[in-house]
Each structure stands twice: as structure tokens, then as C-alpha cells.
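First the structure, in the form of C-alpha cells, and then the observations on it.
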Amino acid sequence: MNADAPMVSLMEEEYYLDDTGELIHFEDHQRRILNEVFTPNEEGKIGYETVVWSTPKKEGKTGVAGAVGYGFSRVFGGNAFSIANDKEQAGERMFDRVVSNLRHMKNKNPALFEMVVQEDYQDRITKNNMIEFNKIDQINPGPHWLKFVAADYAGEAGGRPAMTCFDELWAYKGDRMARLWDEFQPLSIMPVSLRFITTYAGWYGESELLWSIYDTVVKPDDYNPLEKHGTKVPGLEDLPVYQYGDKYVSGSYLVYWDHENRMPWKSKEYLEGRRKDPAVKGREAEYRRLWKNEWTTGMDAFLSPELVDELMAIGEEHGLVNHMADWDYN
């Protein structure tokens, strides 16, 4: 087994989870994908400029994003941004998890905390929605800080981002969001530059930005096997991980788009409970989008196929006959 990339090792040694206060430990499939992305070549470049991490609900997307935001700041440095639709969401996602990590670190490993965070930021950890890190042999030029911003491309124009983390890209719609996306693209002038996206699937005809990436890199869903898929990443053919462009080349994409619930705590009973939740009654499409990570129309049929089959079976039990099977449509 090959050794983990330096950034992957660092995340497991220094990143404390928000809910448990314990160090993160990646599942095997997560580790393999992260190593694919963050193993540098001889020139110190990472493999892809844009990474999409899309899984069903409760598969650890936000925890991974927080670990990536922290790990990138520690290993590569430069200016990093946590971006979401509004200020509250931007603060609650990747940035908030990094803040929680540092608070756990301050209690559990104060020597590391003193080394990582600049002294002016240590008492409050955050200042002006920003964390400033000490410069410790990072590749990108300083200063090194992590900041959260709402979807305001004009307010952050010219920020020279080394890394940007977009949360729930399915909700980014319209020209304003397209300009935001363009403003925070990876920069060739940076030694290492990354755009990292965590998201569910979106809705056909509404989530144009995410759909454009999906349609180019992934192509059809796994549940539509009759059409050709995108290019699988070599060495990860057993996982739904696709690439666009050559590795270590400008403009390259890696998209991890999963429909399976892989985390060990998600049993069939748990998922069945989510499907039968009264709050999603009559909204089967939303269940499929959140818990199967499938693209949907945003509109449900009046009667689901499952309900139609159930009603047909009840009818047959009572002697009802489906005469439509005898009709001549010619």
C-alpha cells in the first residue's frame, strides 16, 4: 500500500471533528480519492484544479470540506475562501468546521494550536470572518488565511484565491452566481490552486452551473446504464470518480459523484425511515435527490410508480380487471 499524501496524513493528525472532538479518520474510499487529488508530482503540483465531492446526505461532505480547508491552509497556504449562497450558510459550512477544529485543538493539543494560529487570532480564533495561520513551510506565498464570504463576487474581486470551497453548488443560479464562479477560479500564477465543491444533485433545468459540470464530466447517472459515461480515474475504476482533462494539467476536473450510502452507520432501516418520514410524504423526488443523490425535476408525479403498483395489486385482489391491456392502439 502506498503512503498517504502529506496533506491526507496531516488531516488525520491535526483535524478534530466538530461533533465528537476526535481526530478525523477517513473511510477507505475517501482516503483513496483524497490521495488521488492531493498527491503532488515532482514539481509539487496537485492533480486537479477543480474537485467536486457529491454524495447522498449524511456521508460526511461537510466534514471532508472542513478537513480539506484546514489541510490545504496548513500544507499549501495562500488565501482560502469558504463560499456559500448567503453569509449564514457560508459561516456554517467549511469555515465553521475549521473553527470548531481549532477550538478542540486548543483544548487537546495547545502546543500545536500555538504553532498553527497566529497570536493575534488565538484568543478569538476568528477575526473579521477570517483565521490567519502562521507560515510554516507552505508552498504558496503568504499571507496565509482562511475567510468565509457570501455570494458577493464584486466584494472579493482580485482576492487571488489559492483555494475556494463552494457549498451546495446546486443552488447557484443566474448570472450573479456564474460571475462568482468565474471570479474564484483557480489561478495559474499560484504554485498550487484548487476549487473544491461539496454538493447534492440538483434539479433539471434549474441548477445550470452544476449540471454543466456533471453533464461534461460524469455524463449520465449510474441508474441510466444505456448511455456512455465519462472517463473513470485510473486506479479508482471501482468508484464513481471521473476526470476531465489530463492530470496535473491546467483546467483538469475530478468529480466524485456517488449514489451509494457507504458510511457504516447508515443501515437499510435508517434509510427506510428517511423514506417514510411524513415530512417527505408525496415528495419522492426530494428523497431521491437527498438520500440517493439523483438529479430530479423538482416536481413529483401525482402518484408514484410504487403507489400505482400497490393500488393495482389491491384491485386485482378484489377482482378488478385492467381492460387497457386488451385495447388495440393501432
Side-chain angles (χ1 to χ4, degrees), residues 1-41 46-76 80 82 93-105 108-109 112 116 133 138 146 163-168 192 194-200 232-243 247 253-267 270-271 291 293:
M1 181 181 293
N2 295 328
D4 287 334
M7 180 173 151
V8 176
S9 296
L10 180 137
M11 288 188 287
E12 290 200 320
E13 294 168 359
E14 298 186 5
Y15 185 80
Y16 294 88
L17 290 168
D18 174 58
D19 51 353
T20 66
E22 301 298 324
L23 289 170
I24 195 169
H25 179 75
F26 296 115
E27 298 294 321
D28 178 67
H29 68 284
Q30 295 175 323
R31 182 185 307 278
R32 292 171 61 200
I33 299 168
L34 291 169
N35 277 318
E36 171 67 23
V37 173
F38 293 110
T39 298
N41 62 8
I46 59 175
Y48 306 89
E49 284 190 344
T50 300
V51 175
V52 177
W53 192 284
S54 183
T55 68
K57 192 175 180 66
K58 298 301 181 183
E59 287 285 300
K61 287 193 297 293
T62 305
V64 168
V68 167
Y70 173 80
F72 190 97
S73 296
R74 286 278 284 116
V75 174
F76 299 108
S82 175
R93 297 304 192 263
M94 181 265 273
F95 183 88
D96 186 61
R97 297 303 175 91
V98 176
V99 170
S100 176
N101 162 58
L102 292 172
R103 287 179 175 144
H104 285 305
M105 184 189 297
K108 297 193 172 192
N109 194 341
L112 176 62
V116 168
F133 294 89
Q138 286 96 338
L146 172 63
M163 190 202 76
T164 54
C165 180
F166 287 82
D167 184 67
E168 302 303 353
V192 179
L194 172 71
R195 190 162 46 187
F196 193 85
I197 297 100
T198 54
T199 187
Y200 300 121
K232 285 287 190 77
V233 172
L236 297 175
E237 289 90 352
D238 59 316
L239 294 171
V241 184
Y242 306 87
Q243 71 179 68
K247 192 175 180 181
Y253 277 70
L254 179 143
V255 177
Y256 165 43
W257 199 284
D258 212 341
H259 301 297
E260 291 189 34
N261 290 275
R262 300 178 185 270
M263 290 305 181
W265 59 79
K266 292 170 75 175
S267 65
Y270 175 84
L271 292 172
W291 296 100
N293 200 31

Could you give the distance from [atom1] ([X]) to [atom2] ([Y]), rounded to the nearest 0.5 Å?
X	Y	atom1	atom2	value
Tyr48	Ile46	OH	CD1	10.5 Å
Phe196	Asp167	CZ	CG	11.0 Å
Ile24	Asn101	CD1	CG	9.5 Å
Thr62	Asp96	OG1	CG	10.0 Å
Phe38	Met11	CZ	CE	6.0 Å
Leu23	Thr20	CG	OG1	8.5 Å

query = Salt-bridged, Arg74 to Glu14, with N to O below 4.0 Å?
reply = yes
query = Of Val52, Val241, Val233, which is the lone residue that meets side-chain contact (heavy atoms from CB on, under 4.5 Å) with Val255?
reply =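 With Val255 as partner, side-chain contact (heavy atoms from CB on, under 4.5 Å) holds for just one option, Val52.
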Between [X] and [Y], what is the shortest heavy-atom contact and its length?
X	Y	value
Pro240	Arg262	CD-NH2, 3.5 Å
Trp53	Lys61	O-CD, 3.7 Å
Asn293	Asp258	ND2-O, 3.0 Å
Met105	Val116	SD-CG2, 4.4 Å
Phe76	Met7	CE1-SD, 3.7 Å
Gln243	Pro234	OE1-CD, 3.4 Å

message = Would Arg97 and Tyr15 count as a side-chain contact (heavy atoms from CB on, under 4.5 Å) here? Give the steps.
response = CA-CA 10 Å; Arg97 297 303 175 91; Tyr15 185 80; 3.2 Å; yes
task = Step by step, work out the side-chain contact (heavy atoms from CB on, under 4.5 Å) result for Leu34 and Val68.
result = CA-CA 9 Å; Leu34 291 169; Val68 167; 4.1 Å; yes
Spell out, as yes or no, whether a donor-acceptor pair under 3.5 Å connects the side chain of [X] to the backbone of [Y].
X	Y	result
Glu168	Tyr200	yes
Ser54	Thr199	yes
Lys108	Gly21	yes

query = Going through the distances and angles, do His25 and Glu12 end up as a side-chain contact (heavy atoms from CB on, under 4.5 Å)?
reply = CA-CA 6 Å; His25 179 75; Glu12 290 200 320; 3.5 Å; yes
Are side-chain heavy atoms of [X] and [Y] found at a separation under 4.5 Å?
X	Y	answer
Glu59	Gln30	no
Arg103	Tyr16	no
Leu146	Tyr70	no
Arg32	Glu27	no

query = Would Val64 and Thr198 satisfy side-chain contact (heavy atoms from CB on, under 4.5 Å), going step by step from the backbone distance to the final call?
reply = CA-CA 9 Å; Val64 168; Thr198 54; 5.8 Å; no
inquiry  = Does Lys247, at its NZ atom, have more than 12 non-hydrogen atoms belonging to other residues, nucleotides or ligands within less than 6.0 Å?
reply    = yes
